[in-house]
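Every chain is numbered from 1 and lettered A, B, ... according to where its sequence line falls, protein lines coming before strand lines.
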Amino acid sequence: MILKKALQENYPILSTPDLIEEIMKVGQVHEMEVDEILIDINQNVKNLPLLLEGSVKILREDEQGNEVFLYYVDQGNTCAATLTCCMDSKKSNVRAIVEEKAVFLSIPYEYMDIWMEKYKAWRDFILSTYSIRFEELLKAVDQLAFKKMDQRIANFLSEKSKLIHSKLIKISHQQIAYDLNTSREVVSRILKQMEKEGLVKISRGQLELLD
DNA sequence: ACATTAAGTGATT
DNA sequence: AATCACTTAATGT
């Protein structure tokens with residue numbers, strides 16, 4: 001079956017045959033289009049999504065509704081923040097928006113505990129996604145705390161470029177400003193500077209990373 | 001041709 | 001680095 005293959009390719013760590021079978025049995029395949037909200041803040045999370053295709057952007061929001069980009073989750077991964085919520089079906093503290101058309105397996109949260117006891121592969125999987133995401137989070141934190149806007153923008157763009165495997169990024173200055181919680185003018189000015197330095201080529205609604 | 005939206009700029013805090 | 005007010009340029013209808 002094609003699904004099984006996708007699962008094995010994207011999640012080699014879950015290779016235990018019995019576990020694969022169970023995942024296939026209880027997991028529901030879902031598809032979501034770009035910009036759809038996979039998980040919203042304060043939403044009760046009762047399913048764990050295992051991304052098979054596409055990618056998702058994880059955002060944090062403050063009391064005033066300002067959003068800040070945290071990190072991307074791509075295929076073969078799941079979000080640790082979601083995982084935490086999923087463990088006992090708590091409310092999400094982040095928002096997950098589909099960045100690239102996503103296909104994922106939705107696992108009801110009841111199985112989290114059961115599989116933790118039953119399968120070593122599952123435990124390893126959970127632990128490793130925790131540590132991967134923890135590092136991502138630390139990266140995000142010191143970006144926010146210590147880096148200046150120009151570095152944050154440069155970083156944001158290179159992450160994005162890596163994610164979509166393209167140097168051509170279709171995004172407006174406004175959208176970048178929104179993701180990094182700054183103003184459009186600042187983004188425009190920094191981008192202009194980067195262009196002078198030969199780092200990017202800007203055109204309306206899209207930009208290209210140069211080397 | 002006109003309206004709409006993206007991007008550029010200077011001044012101010 | 002943020003905000004404002006305004007201009008200029010690109011794009012859609």
Side-chain angles (χ1 to χ4, degrees), chain A residues 30-43 49 51 53-75 77 79-82 84-85 91-104 132-211:
Chain A
H30 292 289
E31 270 189 34
M32 280 184 113
E33 297 297 326
V34 173
D35 284 342
E36 280 195 87
I37 297 177
L38 204 163
I39 295 158
D40 208 347
I41 293 162
N42 289 330
Q43 180 185 326
L51 265 191
E53 260 175 56
S55 56
V56 173
K57 179 165 72 177
I58 308 297
L59 305 166
R60 187 91 168 97
E61 188 179 58
D62 72 6
E63 308 79 37
Q64 285 94 49
N66 297 313
E67 287 189 345
V68 176
F69 163 79
L70 285 185
Y71 50 75
Y72 289 116
V73 174
D74 58 358
Q75 55 188 245
N77 281 114
C79 170
T82 307
T84 324
C85 304
K91 287 181 175 180
S92 171
N93 37 32
V94 295
R95 174 173 296 142
I97 297 179
V98 175
E99 181 80 6
E100 297 171 289
K101 185 174 178 180
V103 178
F104 58 92
I132 290 169
R133 290 303 134 191
F134 188 68
E135 305 232 335
E136 287 288 327
L137 204 57
L138 278 188
K139 258 165 60 190
V141 167
D142 52 50
Q143 282 285 322
L144 285 171
F146 308 124
K147 305 284 196 225
K148 300 202 194 102
M149 211 54 227
D150 55 349
Q151 290 170 288
R152 291 183 58 201
I153 290 176
N155 183 66
F156 178 79
L157 294 177
S158 77
E159 292 262 305
K160 185 135 181 150
S161 159
K162 219 187 298 171
L163 190 76
I164 62 178
H165 304 107
S166 161
K167 298 253 169 191
L168 230 62
I169 302 174
K170 275 189 65 188
I171 193 169
S172 70
H173 297 184
Q174 183 62 75
Q175 185 57 50
I176 297 171
Y178 189 63
D179 281 345
L180 298 181
N181 194 26
T182 181
S183 62
R184 202 260 315 152
E185 293 92 320
V186 170
V187 173
S188 291
R189 280 172 180 139
I190 289 170
L191 248 28
K192 201 74 188 297
Q193 183 58 37
M194 287 173 68
E195 188 176 43
K196 260 185 221 157
E197 292 167 19
L199 298 173
V200 287
K201 181 174 166 240
I202 14 193
S203 21
R204 188 190 172 92
Q206 103 181 23
L207 62 181
E208 187 180 354
L209 261 52
L210 308 172
D211 296 274

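For the pair A:D150 CG and C:dA2 P, the computed distance is 12 Å after rounding to whole Å. As a whole-Å value, the separation of A:K148 NZ from C:dA2 P is 14 Å.
In this structure, A:I39 and A:P49 have side chains that are in contact, with non-hydrogen atoms separated by less than 4.5 Å. Side-chain contact between A:R133 and A:N77 is present, with heavy atoms from C-beta onward closer than 4.5 Å.
A:Q175 places no side-chain N or O within donor-acceptor distance of the main-chain N or O of A:S172, the cut-off being under 3.5 Å. In terms of modelled atom types and a separation under 3.5 Å, the side chain of A:R95 and the main chain of A:E61 share no donor-acceptor contact. In this structure, the side chain of A:S161 engages the main chain of A:S166 through a donor-acceptor pair within 3.5 Å.
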Could you run through nucleotides 7-13 of chain C and give me one letter per nucleotide, 5' to 3': B if any protein heavy atom sits under 4.0 Å from the base, S if only the sugar-phosphate is that close, - if neither? --BBS--
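Screening A:M32, A:E53, A:Q75 for a side chain to side chain contact (heavy atoms under 4.5 Å, CB included) involving A:F104 leaves a single residue, A:M32.
Pairs passing the ring pair (Phe, Tyr, Trp, His ring centres under 6.0 Å) check and including a residue from residues 153-194 of chain A, sequence neighbours excluded, read A:F69-A:F156. Within the structure, salt bridge (charged side-chain N to carboxylate O under 4.0 Å, His left out) pairs that include any residue of residues 171-190 of chain A comprise A:K57-A:D179 (at least two apart or interchain).
Closest non-hydrogen pair, A:A96 versus A:I58, comes out as CB-CD1, 3.8 Å.
With a cutoff of under 4.0 Å to any heavy atom of chain A, the contacted region of DNA chain B is bounded 5' to 3' by B:dT5 to B:dA11.
Contacts between residues 181-189 of chain A and DNA chain B, counted as heavy-atom distances below 4.0 Å, involve A:R184, A:E185, A:S188, A:R189.
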Can you list, pair by pair, the side-chain donor-acceptor contacts under 3.5 Å of residues 193-206 of chain A, counting residues two or more places apart and other chains?
{"residue": "A:Q193", "atom": "NE2", "partner": "A:E197", "partner atom": "OE2", "Å": "3.1"}
{"residue": "A:E195", "atom": "OE2", "partner": "A:I202", "partner atom": "N", "Å": "3.1"}

